[in-house]
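Below is one structure, written out as structure tokens; the observations come after it.
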Amino acid sequence: MKTINIKNSNEEIQIGKVVCVGRNYADHAKEMGNDIPDKFPIVFMKTATCMINSGESVVHPDYSENLHHEVELVLLIGSTVKNANDEEAENAIAGYAVGLDMTLRDLQFKSKEKGEPWTFAKIFDTSGVLSEFVSKDEYELTGNERIYLSVNGETKQDAIVGLMLFNPVETIKNISSRMTLEKGDLIFTGTPAGVSRVAKGDKLSGGIENIGNIETTIV
Ligand code: ZN
């Protein structure tokens, strides 16, 4: 069973569903050659079994030639919400972390081409890396926080969280209109531009200002 830790708290929370938003930064949608979603975010899932903590290694699957990093703001859901309004969505956020949504881009492209789900591009073991969470009681997101990631010391992704097309409240409202969200569920809120291929031996390090840092090695 996978659990997450919250800074300055002894509570261990079991990870539930892991819901991910695609194309939530216009520049990343553009670099992938995708349209920008206007009314509703692109949503897909990862699993609790994908998740590892910062400091652990990402194991490169041998059935892919194109593993990409995606650095993202991760929301921790702290209570049950369904069809949330603004206030309920805001209150459902228990904390924030920085995460990596590691993606097998070649498998994803092949699936997209065939019109098939891209599940296997996203759910391999170790494909989700999480920093420690910061409770919303301790830090409230402003949207001005910098989000960044470097590979072997070279900056690849560098943006501001507020550039998201759907902010956390809108994201929770949209997702909870289609599925119940519960305590322990995580939402990966999408990645800014600059995703790139990584290989075995590469060292990734990144973070979100005031929220946390993340590092991993590809093995
Ligand atoms: Zn992602």
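One-based numbering, in listed order, for ligands and for the atoms of each.
- Salt bridge status for K156 with E154: present, with a side-chain N to carboxylate O gap under 4.0 Å.
- Side-chain polar atoms of Y139 and N210 form a donor-acceptor pair below 3.5 angstrom.
- The residues E182 and K82 are annotated as not salt-bridged, no charged nitrogen and carboxylate oxygen being separated by less than 4.0 angstrom.
- When you scan the N, O or S atoms of E72 for the one nearest the Zn ion (ligand 1), you land on OE2.
- Atom OE1 is the N/O/S atom of E70 found closest to the Zn ion (ligand 1).
- The salt bridge (charged side-chain N to carboxylate O under 4.0 Å, His left out) with R105 is formed by just one residue from the set E31, E70, E65; it is E70.
- Residue D101 approaches the Zn ion (ligand 1) most closely through its N/O/S atom OD2.
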